[in-house]
Asker: 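Before we start, here is the structure in question, set down as C-alpha coordinates.
Proteins get letters first, then strands, A, B, ... in listed order; numbering begins at 1 in each.
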Amino acid sequence: MIDIKKIRKEPDHIKEALSIRNDNPDLVDQILALDAQRREWVAQTDALKAERNTLSQLVAKQKAENKSADVSHWVEKSKAIGDQIKANDERLAQLESQQQAIVSLLPNIPSDKVPRGTDENHNVEVRRWGEPRVFDFEPLPHWDLGSNLNMMDFERASKLSGSRFVVLKDKVATLNRALISFMLDVHTREHGYVEVNVPHLVKRESMFATGQLPKFEQEAYRTDPDDFFLIPTAEIFLAGMHRDEILSEKELPLKYVAYSSCYRREAGSYGKDVRGMIRVHQFEKVELVKYTTPETSFDELEKLTADAERILQLLELPYRVVLLCTGDLGFGAALTYDLEVWLPSYQKYREVSSCSNDTDFQARRGNMRYRNAQNKMEFVHTLNGSGLAVGRTLIAVLENYQNPDGSITVPKRLIPYMNSIEIIP
RNA sequence: GGAGAGAUGGCCGAGUGGUCUAAGGCGCACGCCUGGAGAGCGUGUUACGCUAACCCCGUACGUGGGUUCAAAUCCCACUCUCUCCGCCA
(Lines give C-alpha, C1' and ligand atoms only; values in the text may rest on other atoms or scores of the structure.)
Protein backbone atom coordinates (compact mmCIF):
# COMPACT_ATOMS: atom_id res chain seq x y z
CA MET A 1 0.00 0.00 0.00
CA ILE A 2 1.22 3.43 -0.84
CA ASP A 3 1.03 6.12 1.82
CA ILE A 4 -1.93 8.39 1.09
CA LYS A 5 0.13 11.34 2.36
CA LYS A 6 2.72 10.59 -0.25
CA ILE A 7 0.09 10.46 -2.97
CA ARG A 8 -1.22 13.81 -1.78
CA LYS A 9 2.21 15.39 -1.64
CA GLU A 10 3.79 14.11 -4.81
CA PRO A 11 1.03 13.00 -7.15
CA ASP A 12 3.20 13.48 -10.24
CA HIS A 13 5.85 11.16 -8.88
CA ILE A 14 3.26 8.45 -8.29
CA LYS A 15 1.72 8.93 -11.71
CA GLU A 16 5.14 8.60 -13.26
CA ALA A 17 5.76 5.43 -11.25
CA LEU A 18 2.47 3.97 -12.45
CA SER A 19 3.04 4.73 -16.09
CA ILE A 20 6.56 3.25 -16.20
CA ARG A 21 5.05 0.11 -14.68
CA ASN A 22 2.48 -0.03 -17.49
CA ASP A 23 -0.21 0.81 -14.98
CA ASN A 24 -2.94 3.41 -15.16
CA PRO A 25 -1.80 6.83 -13.83
CA ASP A 26 -5.37 8.18 -13.85
CA LEU A 27 -6.01 6.26 -10.64
CA VAL A 28 -4.06 8.97 -8.82
CA ASP A 29 -6.51 11.69 -9.80
CA GLN A 30 -9.43 9.52 -8.77
CA ILE A 31 -7.83 8.96 -5.40
CA LEU A 32 -7.05 12.62 -4.86
CA ALA A 33 -10.60 13.65 -5.69
CA LEU A 34 -12.01 11.12 -3.22
CA ASP A 35 -9.45 12.07 -0.62
CA ALA A 36 -10.24 15.79 -0.82
CA GLN A 37 -13.93 15.02 -0.43
CA ARG A 38 -13.30 12.62 2.39
CA ARG A 39 -11.20 15.05 4.37
CA GLU A 40 -13.77 17.76 4.01
CA TRP A 41 -16.39 15.45 5.47
CA VAL A 42 -14.10 14.37 8.30
CA ALA A 43 -13.47 17.97 9.30
CA GLN A 44 -17.16 18.82 9.11
CA THR A 45 -18.27 15.74 11.02
CA ASP A 46 -15.62 16.18 13.68
CA ALA A 47 -16.80 19.75 14.22
CA LEU A 48 -20.36 18.52 14.66
CA LYS A 49 -19.26 15.89 17.14
CA ALA A 50 -17.33 18.47 19.10
CA GLU A 51 -20.41 20.67 19.24
CA ARG A 52 -22.57 17.83 20.44
CA ASN A 53 -20.06 17.02 23.16
CA THR A 54 -20.12 20.58 24.44
CA LEU A 55 -23.91 20.51 24.53
CA SER A 56 -23.92 17.20 26.37
CA GLN A 57 -21.56 18.60 28.92
CA LEU A 58 -23.80 21.61 29.39
CA VAL A 59 -26.73 19.32 30.04
CA ALA A 60 -24.73 17.31 32.51
CA LYS A 61 -23.63 20.43 34.37
CA GLN A 62 -27.16 21.84 34.55
CA LYS A 63 -28.52 18.55 35.83
CA ALA A 64 -25.81 18.32 38.42
CA GLU A 65 -26.62 21.77 39.75
CA ASN A 66 -30.37 21.45 39.62
CA LYS A 67 -32.13 18.17 39.03
CA SER A 68 -35.28 19.76 37.67
CA ALA A 69 -33.60 22.34 35.43
CA ASP A 70 -35.13 22.74 32.01
CA VAL A 71 -32.61 21.48 29.45
CA SER A 72 -35.01 20.77 26.61
CA HIS A 73 -33.54 23.52 24.48
CA TRP A 74 -30.07 21.91 24.51
CA VAL A 75 -31.50 18.46 24.16
CA GLU A 76 -33.40 19.35 21.04
CA LYS A 77 -30.44 21.01 19.43
CA SER A 78 -28.22 18.08 20.29
CA LYS A 79 -30.72 15.68 18.79
CA ALA A 80 -30.71 17.57 15.52
CA ILE A 81 -26.94 17.53 15.41
CA GLY A 82 -26.99 13.82 16.13
CA ASP A 83 -29.09 13.14 13.05
CA GLN A 84 -26.68 15.09 10.92
CA ILE A 85 -23.69 13.24 12.35
CA LYS A 86 -25.31 9.96 11.49
CA ALA A 87 -25.85 11.01 7.89
CA ASN A 88 -22.30 12.31 7.64
CA ASP A 89 -20.80 9.13 9.07
CA GLU A 90 -22.59 7.06 6.48
CA ARG A 91 -21.31 9.16 3.63
CA LEU A 92 -17.85 9.14 5.16
CA ALA A 93 -17.72 5.37 5.40
CA GLN A 94 -18.69 5.20 1.75
CA LEU A 95 -15.95 7.59 0.69
CA GLU A 96 -13.41 5.76 2.80
CA SER A 97 -14.11 2.37 1.31
CA GLN A 98 -14.12 3.78 -2.21
CA GLN A 99 -10.76 5.39 -1.64
CA GLN A 100 -9.38 2.30 0.03
CA ALA A 101 -10.49 0.13 -2.87
CA ILE A 102 -8.53 2.15 -5.37
CA VAL A 103 -5.44 2.74 -3.23
CA SER A 104 -5.09 -0.99 -2.63
CA LEU A 105 -4.84 -1.51 -6.39
CA LEU A 106 -1.71 0.65 -6.66
CA PRO A 107 1.55 -1.27 -6.96
CA ASN A 108 4.68 -0.31 -5.06
CA ILE A 109 6.84 2.56 -6.33
CA PRO A 110 9.94 1.30 -8.15
CA SER A 111 13.29 2.23 -6.65
CA ASP A 112 15.45 4.71 -8.58
CA LYS A 113 17.84 1.87 -9.34
CA VAL A 114 15.27 0.00 -11.43
CA PRO A 115 15.95 0.27 -15.16
CA ARG A 116 13.06 1.60 -17.22
CA GLY A 117 11.44 -0.70 -19.69
CA THR A 118 8.12 -2.05 -20.84
CA ASP A 119 8.73 -5.79 -20.59
CA GLU A 120 11.22 -8.53 -19.79
CA ASN A 121 13.34 -7.66 -22.84
CA HIS A 122 14.48 -4.56 -20.98
CA ASN A 123 15.71 -6.44 -17.92
CA VAL A 124 19.40 -5.96 -17.26
CA GLU A 125 21.81 -8.82 -16.73
CA VAL A 126 23.92 -8.03 -13.68
CA ARG A 127 26.32 -10.98 -13.53
CA ARG A 128 26.89 -14.56 -14.61
CA TRP A 129 28.30 -17.46 -12.64
CA GLY A 130 29.63 -20.74 -14.06
CA GLU A 131 30.01 -21.96 -17.62
CA PRO A 132 27.19 -23.84 -19.36
CA ARG A 133 28.38 -27.39 -19.88
CA VAL A 134 29.37 -28.39 -23.40
CA PHE A 135 27.71 -31.69 -24.25
CA ASP A 136 29.26 -34.22 -26.64
CA PHE A 137 25.82 -35.72 -27.09
CA GLU A 138 22.33 -34.32 -27.54
CA PRO A 139 21.06 -33.42 -24.03
CA LEU A 140 17.48 -34.49 -23.33
CA PRO A 141 14.80 -32.31 -21.79
CA HIS A 142 13.89 -33.24 -18.22
CA TRP A 143 10.53 -34.78 -19.16
CA ASP A 144 12.28 -37.32 -21.38
CA LEU A 145 14.96 -37.99 -18.79
CA GLY A 146 12.36 -38.46 -16.06
CA SER A 147 10.03 -40.61 -18.13
CA ASN A 148 12.85 -42.80 -19.45
CA LEU A 149 13.94 -43.47 -15.89
CA ASN A 150 10.31 -44.17 -14.99
CA MET A 151 10.65 -41.66 -12.21
CA MET A 152 8.51 -38.85 -13.57
CA ASP A 153 4.92 -39.61 -14.46
CA PHE A 154 2.87 -37.02 -16.32
CA GLU A 155 0.17 -39.42 -17.56
CA ARG A 156 -0.99 -40.51 -14.15
CA ALA A 157 -0.69 -36.97 -12.80
CA SER A 158 -3.10 -35.72 -15.43
CA LYS A 159 -5.35 -38.76 -15.06
CA LEU A 160 -5.84 -38.03 -11.38
CA SER A 161 -5.42 -34.25 -11.22
CA GLY A 162 -5.44 -32.83 -14.72
CA SER A 163 -2.92 -30.94 -16.77
CA ARG A 164 0.02 -29.11 -15.25
CA PHE A 165 0.68 -31.64 -12.53
CA VAL A 166 3.52 -34.09 -12.11
CA VAL A 167 4.21 -37.20 -10.09
CA LEU A 168 7.77 -37.89 -9.00
CA LYS A 169 8.82 -41.42 -8.15
CA ASP A 170 11.69 -43.42 -6.80
CA LYS A 171 15.08 -41.70 -6.77
CA VAL A 172 13.86 -38.53 -8.47
CA ALA A 173 11.36 -38.15 -5.65
CA THR A 174 14.23 -38.66 -3.23
CA LEU A 175 16.31 -36.13 -5.12
CA ASN A 176 13.47 -33.65 -4.72
CA ARG A 177 13.42 -34.26 -0.98
CA ALA A 178 17.21 -34.04 -0.86
CA LEU A 179 17.09 -30.59 -2.46
CA ILE A 180 14.61 -29.37 0.13
CA SER A 181 16.69 -30.59 3.07
CA PHE A 182 19.87 -29.29 1.55
CA MET A 183 18.48 -25.81 0.96
CA LEU A 184 16.96 -25.58 4.43
CA ASP A 185 20.20 -26.72 6.02
CA VAL A 186 22.34 -24.20 4.18
CA HIS A 187 20.03 -21.30 5.01
CA THR A 188 19.55 -22.20 8.64
CA ARG A 189 23.10 -23.32 9.48
CA GLU A 190 25.17 -21.06 7.28
CA HIS A 191 23.00 -18.02 6.61
CA GLY A 192 21.26 -17.62 9.94
CA TYR A 193 17.61 -17.99 8.92
CA VAL A 194 15.05 -19.42 11.33
CA GLU A 195 13.19 -22.40 9.91
CA VAL A 196 9.42 -22.09 9.90
CA ASN A 197 6.81 -24.63 8.94
CA VAL A 198 3.69 -22.86 7.75
CA PRO A 199 0.00 -23.60 7.10
CA HIS A 200 -0.87 -23.85 3.41
CA LEU A 201 -4.34 -22.44 3.92
CA VAL A 202 -4.71 -18.80 4.88
CA LYS A 203 -7.49 -16.31 5.41
CA ARG A 204 -8.46 -13.76 2.80
CA GLU A 205 -6.95 -10.87 4.75
CA SER A 206 -3.57 -12.60 4.77
CA MET A 207 -3.60 -12.64 0.98
CA PHE A 208 -4.44 -8.96 1.03
CA ALA A 209 -1.60 -8.04 3.38
CA THR A 210 1.11 -9.37 1.08
CA GLY A 211 -0.51 -7.89 -2.01
CA GLN A 212 -1.98 -10.99 -3.70
CA LEU A 213 -5.45 -9.57 -3.24
CA PRO A 214 -7.54 -7.86 -4.40
CA LYS A 215 -5.79 -7.63 -7.74
CA PHE A 216 -4.80 -11.23 -8.39
CA GLU A 217 -7.71 -13.24 -7.05
CA GLN A 218 -8.02 -15.21 -10.27
CA GLU A 219 -4.48 -16.55 -9.74
CA ALA A 220 -5.27 -18.25 -6.44
CA TYR A 221 -7.07 -21.42 -5.42
CA ARG A 222 -9.85 -20.88 -2.94
CA THR A 223 -11.73 -23.40 -0.82
CA ASP A 224 -15.47 -23.31 -1.14
CA PRO A 225 -16.93 -23.35 2.29
CA ASP A 226 -14.70 -21.37 4.67
CA ASP A 227 -13.14 -19.05 2.05
CA PHE A 228 -9.56 -20.16 2.63
CA PHE A 229 -6.86 -19.56 0.07
CA LEU A 230 -4.13 -22.04 -0.84
CA ILE A 231 -0.87 -20.20 -0.55
CA PRO A 232 0.83 -19.41 -3.88
CA THR A 233 4.07 -19.03 -1.89
CA ALA A 234 5.18 -19.36 1.74
CA GLU A 235 5.84 -15.64 1.57
CA ILE A 236 2.16 -15.11 2.36
CA PHE A 237 2.74 -16.55 5.76
CA LEU A 238 6.32 -15.48 6.45
CA ALA A 239 5.78 -11.87 5.39
CA GLY A 240 2.51 -11.76 7.30
CA MET A 241 3.65 -13.34 10.55
CA HIS A 242 4.11 -10.04 12.31
CA ARG A 243 0.87 -8.49 11.23
CA ASP A 244 -0.44 -5.91 13.70
CA GLU A 245 2.73 -6.25 15.73
CA ILE A 246 5.29 -3.77 16.92
CA LEU A 247 8.83 -5.05 16.72
CA SER A 248 11.84 -3.55 18.42
CA GLU A 249 14.76 -2.32 16.39
CA LYS A 250 17.07 -4.66 18.32
CA GLU A 251 15.46 -7.79 16.92
CA LEU A 252 15.80 -6.62 13.31
CA PRO A 253 16.65 -7.97 10.85
CA LEU A 254 14.41 -11.00 11.34
CA LYS A 255 15.25 -13.80 8.91
CA TYR A 256 12.91 -16.68 8.15
CA VAL A 257 13.08 -19.64 5.80
CA ALA A 258 10.18 -21.95 5.05
CA TYR A 259 9.68 -24.90 2.77
CA SER A 260 6.16 -25.28 1.42
CA SER A 261 4.14 -26.39 -1.50
CA CYS A 262 2.82 -23.54 -3.63
CA TYR A 263 -0.47 -23.51 -5.50
CA ARG A 264 -1.10 -21.37 -8.55
CA ARG A 265 -3.86 -21.44 -11.13
CA GLU A 266 -1.55 -20.08 -13.85
CA ALA A 267 -4.53 -18.37 -15.41
CA GLY A 268 -3.54 -16.69 -18.64
CA SER A 269 -0.50 -18.86 -19.25
CA TYR A 270 -2.25 -21.21 -21.65
CA GLY A 271 0.18 -22.58 -24.17
CA LYS A 272 3.21 -21.47 -22.15
CA ASP A 273 5.61 -24.17 -20.95
CA VAL A 274 3.04 -26.88 -21.46
CA ARG A 275 5.58 -29.68 -21.45
CA GLY A 276 7.40 -30.89 -18.40
CA MET A 277 7.26 -29.52 -14.91
CA ILE A 278 8.53 -26.00 -15.50
CA ARG A 279 5.08 -24.54 -14.94
CA VAL A 280 2.72 -26.61 -12.81
CA HIS A 281 -0.20 -25.85 -10.52
CA GLN A 282 1.53 -27.25 -7.48
CA PHE A 283 5.23 -27.00 -6.84
CA GLU A 284 7.59 -26.80 -3.93
CA LYS A 285 9.66 -23.89 -2.87
CA VAL A 286 12.04 -22.85 -0.13
CA GLU A 287 11.30 -19.23 0.64
CA LEU A 288 13.39 -16.57 2.37
CA VAL A 289 11.86 -13.55 4.08
CA LYS A 290 13.48 -10.71 6.01
CA TYR A 291 12.12 -7.88 8.11
CA THR A 292 14.48 -4.91 8.23
CA THR A 293 14.70 -1.22 8.98
CA PRO A 294 14.19 1.18 6.04
CA GLU A 295 17.85 2.18 6.20
CA THR A 296 19.20 -1.32 5.66
CA SER A 297 16.67 -2.95 3.37
CA PHE A 298 18.51 -2.50 0.09
CA ASP A 299 21.77 -3.84 1.55
CA GLU A 300 19.85 -6.73 3.02
CA LEU A 301 18.40 -7.49 -0.41
CA GLU A 302 21.92 -7.88 -1.78
CA LYS A 303 22.68 -10.33 1.01
CA LEU A 304 19.45 -12.23 0.55
CA THR A 305 20.13 -12.56 -3.16
CA ALA A 306 23.63 -13.82 -2.39
CA ASP A 307 22.12 -16.38 0.02
CA ALA A 308 19.89 -17.71 -2.75
CA GLU A 309 22.76 -17.69 -5.26
CA ARG A 310 24.85 -19.74 -2.88
CA ILE A 311 22.55 -22.72 -3.38
CA LEU A 312 23.19 -22.68 -7.13
CA GLN A 313 26.93 -22.31 -6.53
CA LEU A 314 27.05 -25.24 -4.14
CA LEU A 315 25.13 -27.32 -6.67
CA GLU A 316 27.52 -26.06 -9.36
CA LEU A 317 24.71 -24.96 -11.63
CA PRO A 318 25.50 -22.09 -14.02
CA TYR A 319 23.22 -19.11 -13.60
CA ARG A 320 22.84 -15.42 -14.16
CA VAL A 321 21.37 -12.58 -12.13
CA VAL A 322 18.94 -10.22 -13.81
CA LEU A 323 17.71 -6.86 -12.57
CA LEU A 324 14.05 -6.54 -13.51
CA CYS A 325 12.94 -3.41 -15.36
CA THR A 326 9.96 -1.30 -14.29
CA GLY A 327 7.56 -3.05 -16.65
CA ASP A 328 8.41 -6.53 -15.35
CA LEU A 329 8.39 -5.72 -11.65
CA GLY A 330 5.96 -7.58 -9.37
CA PHE A 331 3.07 -5.80 -7.66
CA GLY A 332 4.64 -5.24 -4.25
CA ALA A 333 8.28 -4.97 -5.28
CA ALA A 334 10.39 -1.82 -5.38
CA LEU A 335 13.43 -3.68 -6.72
CA THR A 336 13.82 -7.27 -7.89
CA TYR A 337 16.66 -9.56 -8.88
CA ASP A 338 15.75 -12.75 -10.70
CA LEU A 339 18.11 -15.70 -10.56
CA GLU A 340 18.05 -17.74 -13.74
CA VAL A 341 19.61 -21.16 -14.02
CA TRP A 342 20.96 -22.63 -17.24
CA LEU A 343 18.74 -25.30 -18.81
CA PRO A 344 20.53 -27.18 -21.62
CA SER A 345 17.38 -28.45 -23.34
CA TYR A 346 16.02 -24.92 -23.60
CA GLN A 347 19.43 -23.43 -24.39
CA LYS A 348 18.25 -20.67 -22.07
CA TYR A 349 18.46 -19.32 -18.55
CA ARG A 350 15.17 -19.87 -16.68
CA GLU A 351 13.95 -18.28 -13.49
CA VAL A 352 14.50 -20.22 -10.25
CA SER A 353 14.27 -17.34 -7.82
CA SER A 354 12.94 -13.83 -7.56
CA CYS A 355 14.40 -11.69 -4.79
CA SER A 356 12.57 -8.48 -3.98
CA ASN A 357 12.62 -5.57 -1.64
CA ASP A 358 9.00 -4.69 -0.95
CA THR A 359 10.04 -1.68 1.18
CA ASP A 360 7.11 -0.60 3.39
CA PHE A 361 4.46 -1.76 0.90
CA GLN A 362 3.48 -4.96 2.72
CA ALA A 363 4.16 -3.44 6.12
CA ARG A 364 1.46 -0.84 5.51
CA ARG A 365 -1.03 -3.42 4.33
CA GLY A 366 -0.30 -5.66 7.29
CA ASN A 367 0.34 -2.90 9.82
CA MET A 368 3.80 -4.17 10.76
CA ARG A 369 5.86 -1.57 12.60
CA TYR A 370 8.86 -1.18 14.84
CA ARG A 371 10.13 1.37 17.30
CA ASN A 372 13.22 3.12 16.02
CA ALA A 373 16.09 4.54 18.10
CA GLN A 374 14.12 7.76 18.60
CA ASN A 375 11.26 5.69 20.05
CA LYS A 376 9.12 6.52 17.03
CA MET A 377 6.86 4.02 15.31
CA GLU A 378 7.86 3.29 11.78
CA PHE A 379 6.86 0.70 9.21
CA VAL A 380 9.38 -2.10 8.72
CA HIS A 381 10.63 -3.12 5.31
CA THR A 382 10.02 -6.65 4.09
CA LEU A 383 12.09 -8.61 1.59
CA ASN A 384 11.47 -11.99 0.08
CA GLY A 385 13.11 -14.37 -2.33
CA SER A 386 13.05 -17.99 -3.31
CA GLY A 387 15.98 -19.95 -2.07
CA LEU A 388 15.09 -21.74 -4.37
CA ALA A 389 12.13 -23.03 -6.34
CA VAL A 390 12.63 -26.75 -5.76
CA GLY A 391 10.93 -28.12 -8.87
CA ARG A 392 12.87 -25.96 -11.25
CA THR A 393 16.12 -26.65 -9.42
CA LEU A 394 15.36 -30.35 -9.79
CA ILE A 395 14.93 -29.81 -13.53
CA ALA A 396 18.26 -28.01 -13.64
CA VAL A 397 20.02 -30.84 -11.83
CA LEU A 398 18.50 -33.49 -14.11
CA GLU A 399 19.35 -31.65 -17.30
CA ASN A 400 22.80 -30.37 -16.35
CA TYR A 401 23.96 -33.59 -14.70
CA GLN A 402 22.64 -36.03 -17.31
CA ASN A 403 24.85 -38.67 -18.89
CA PRO A 404 24.73 -40.16 -22.43
CA ASP A 405 23.06 -43.32 -21.10
CA GLY A 406 20.22 -41.35 -19.53
CA SER A 407 21.54 -41.66 -15.98
CA ILE A 408 21.94 -38.66 -13.67
CA THR A 409 25.04 -37.91 -11.64
CA VAL A 410 24.09 -36.69 -8.18
CA PRO A 411 25.70 -33.30 -7.35
CA LYS A 412 28.40 -33.71 -4.69
CA ARG A 413 26.63 -31.75 -2.02
CA LEU A 414 23.44 -33.79 -2.41
CA ILE A 415 25.05 -37.23 -2.03
CA PRO A 416 24.76 -37.21 1.80
CA TYR A 417 21.07 -36.36 1.37
CA MET A 418 20.61 -39.26 -1.11
CA ASN A 419 21.65 -42.08 1.18
CA SER A 420 25.07 -41.90 -0.51
CA ILE A 421 23.72 -42.68 -3.95
CA GLU A 422 26.07 -41.11 -6.49
CA ILE A 423 24.23 -41.89 -9.66
CA ILE A 424 20.59 -42.33 -10.66
CA PRO A 425 19.34 -44.96 -11.19
C1' G B 1 -20.86 -30.16 15.21
C1' G B 2 -22.49 -28.83 20.81
C1' A B 3 -21.61 -25.60 25.31
C1' G B 4 -19.24 -21.47 27.51
C1' A B 5 -15.77 -17.14 28.13
C1' G B 6 -13.54 -12.93 26.21
C1' A B 7 -11.90 -8.55 22.79
C1' U B 8 -9.76 -1.31 26.35
C1' G B 9 -3.17 2.30 25.02
C1' G B 10 3.66 -0.98 23.41
C1' C B 11 2.16 -4.83 27.46
C1' C B 12 -0.76 -6.13 32.04
C1' G B 13 -5.12 -4.19 33.78
C1' A B 14 -9.15 -0.69 36.08
C1' G B 15 -13.38 1.47 34.43
C1' U B 16 -21.27 -0.51 34.10
C1' G B 17 -24.41 6.09 31.20
C1' G B 18 -21.89 12.39 31.32
C1' U B 19 -15.99 15.92 34.05
C1' C B 20 -12.69 8.98 30.41
C1' U B 21 -8.05 9.10 25.47
C1' A B 22 -9.11 6.64 29.48
C1' A B 23 -6.76 5.10 36.80
C1' G B 24 -2.68 2.05 38.53
C1' G B 25 1.46 -0.87 37.23
C1' C B 26 5.19 -2.55 33.69
C1' G B 27 8.13 -1.66 29.40
C1' C B 28 10.54 1.78 26.27
C1' A B 29 12.69 6.85 24.92
C1' C B 30 14.68 11.47 26.56
C1' G B 31 16.42 14.60 30.62
C1' C B 32 18.22 15.33 35.75
C1' C B 33 21.22 12.83 39.32
C1' U B 34 26.21 9.63 39.17
C1' G B 35 33.31 8.94 38.22
C1' G B 36 30.23 5.23 35.55
C1' A B 37 26.06 2.05 36.07
C1' G B 38 21.83 1.00 39.04
C1' A B 39 18.27 3.06 42.08
C1' G B 40 15.57 7.55 42.38
C1' C B 41 13.10 11.87 40.22
C1' G B 42 10.85 14.40 35.95
C1' U B 43 8.85 14.41 30.94
C1' G B 44 7.06 11.67 27.03
C1' U B 45 4.99 7.24 24.79
C1' U B 46 -1.54 5.44 19.19
C1' A B 47 -4.18 6.76 14.61
C1' C B 48 -6.80 10.20 11.61
C1' G B 49 -8.01 15.36 10.68
C1' C B 50 -6.11 20.62 11.06
C1' U B 51 -0.60 22.58 9.99
C1' A B 52 4.87 23.88 5.48
C1' A B 53 6.20 21.57 10.17
C1' C B 54 5.61 21.79 15.50
C1' C B 55 2.28 23.19 19.33
C1' C B 56 -2.73 23.70 20.27
C1' C B 57 -7.30 21.80 19.15
C1' G B 58 -10.98 18.14 17.32
C1' U B 59 -12.38 12.89 16.50
C1' A B 60 -11.66 7.76 17.90
C1' C B 61 -12.17 1.83 23.61
C1' G B 62 -12.74 -5.54 17.93
C1' U B 63 -16.41 -4.28 13.47
C1' G B 64 -21.32 -2.72 12.19
C1' G B 65 -26.13 -1.28 13.80
C1' G B 66 -29.72 0.20 17.82
C1' U B 67 -31.41 2.80 22.53
C1' U B 68 -30.17 7.88 24.55
C1' C B 69 -29.61 14.83 24.61
C1' A B 70 -25.05 11.83 25.78
C1' A B 71 -22.27 4.96 25.13
C1' A B 72 -15.81 1.86 26.71
C1' U B 73 -20.18 1.34 29.84
C1' C B 74 -27.09 -0.83 27.99
C1' C B 75 -29.31 -3.96 23.57
C1' C B 76 -28.64 -6.75 18.73
C1' A B 77 -25.67 -8.83 14.78
C1' C B 78 -20.95 -10.04 12.93
C1' U B 79 -15.65 -11.09 13.13
C1' C B 80 -11.71 -12.96 15.78
C1' U B 81 -9.37 -15.42 20.06
C1' C B 82 -9.55 -18.88 24.07
C1' U B 83 -11.66 -23.14 27.16
C1' C B 84 -14.52 -27.72 27.61
C1' C B 85 -17.22 -31.87 25.03
C1' G B 86 -17.75 -34.76 20.41
C1' C B 87 -15.23 -36.38 15.85
C1' C B 88 -10.43 -37.14 13.74
C1' A B 89 -4.60 -37.52 11.00
Asker: Give the rounded distance in Å between these two atoms: CD1 of A/I85 and P of B/rG65.
Answerer: 14 Å
Asker: If I take atom CZ in residue A/R52 and atom C1' in nucleotide B/rC69, what distance separates them, rounded to the nearest angstrom?
Answerer: 9 Å
Asker: Just the rounded figure in Å: distance from C1' of B/rC28 to CD of A/E251.
Answerer: 13 Å
Asker: Send over the distance from A/E205 CD to B/rG62 P, rounded to a whole Å.
Answerer: 17 Å
Asker: Applying a 3.5 Å limit to both distances, which nucleotide forms a Watson-Crick or G-U wobble pair with B/rA72?
Answerer: none
Asker: Watson-Crick or G-U wobble partner for B/rC30, using a 3.5 Å limit on both distances?
Answerer: B/rG42
Asker: Considering residues at least two apart in sequence or located in another chain, which fulfil the side chain to side chain contact (heavy atoms under 4.5 Å, CB included) criterion with A/K303?
Answerer: A/K290, A/E300
Asker: I'd like the C1' distance from B/rC30 over to B/rG17, given in whole Å.
Answerer: 40 Å
Asker: Can you build the contact string for nucleotides 47-59 of chain B? Use B for base contact, S for sugar-phosphate-only contact, and - for no protein heavy atom under 4.0 Å.
Answerer: -SSS-------BS
Asker: Count the heavy atoms of every other residue, nucleotide or ligand shown that sit under 6.0 Å from CZ of A/R91, and state whether that count exceeds 12.
Answerer: yes
Asker: Tell me whether A/E235 is salt-bridged to A/K285, with the criterion being a basic N under 4.0 Å from an acidic carboxylate O.
Answerer: no
Asker: Using atom C1' in both nucleotides, what's the gap between B/rC61 and B/rG13 to the nearest angstrom?
Answerer: 14 Å
Asker: Hunt down the Watson-Crick or G-U wobble partner of B/rA52, both distances under 3.5 Å, from any strand shown, or write none.
Answerer: none
Asker: Taking side chain to side chain contact (heavy atoms under 4.5 Å, CB included) as the test, write out the residues that go with A/Q44, two or more places apart.
Answerer: A/N88
Asker: Suppose we define a pair by two distances each less than 3.5 Å, Watson-Crick or G-U wobble; what does B/rA7 pair with here?
Answerer: B/rU79
Asker: Taking CG from A/L55 and C1' from B/rG18, how many angstroms apart are they, rounded to a whole number?
Answerer: 13 Å
Asker: Side-chain donor-acceptor contacts of residues 170-179 of chain A below 3.5 Å, not counting sequence neighbours, with atom names and distances?
Answerer:
{"from": "A/T174", "atom 1": "OG1", "to": "A/D170", "atom 2": "O", "distance (Å)": "3.1"}
{"from": "A/N176", "atom 1": "ND2", "to": "A/E284", "atom 2": "OE1", "distance (Å)": "2.8"}

Asker: Calculate the interatomic distance between A/Y370 atom OH and B/rG27 atom P; express it in whole Å.
Answerer: 23 Å
Asker: With a 4.0 Å limit, can you tell me whether A/K86 has a side-chain N or O closer than that to the phosphate oxygens OP1/OP2 of B/rG65?
Answerer: no
Asker: In whole Å, I'd like the distance from the CZ atom of A/R204 to the P atom of B/rU79.
Answerer: 14 Å
Asker: Residues in side chain to side chain contact (heavy atoms under 4.5 Å, CB included) with A/T326, at least two apart?
Answerer: A/I20, A/P110, A/V114, A/R116
Asker: With a 3.5 angstrom cut-off on both distances, give the Watson-Crick or G-U wobble partner of B/rA47, or none if there isn't one.
Answerer: B/rU59
Asker: Expressed as a whole number of angstroms, how long is the span from A/E378:CD to B/rU45:P?
Answerer: 18 Å
Asker: Who pairs with A/E190 by side chain to side chain contact (heavy atoms under 4.5 Å, CB included), at least two apart in sequence or on another chain?
Answerer: A/V186, A/R310, A/R413
Asker: With both distances under 3.5 angstrom, what nucleotide forms a Watson-Crick or G-U wobble pair with B/rA22?
Answerer: none
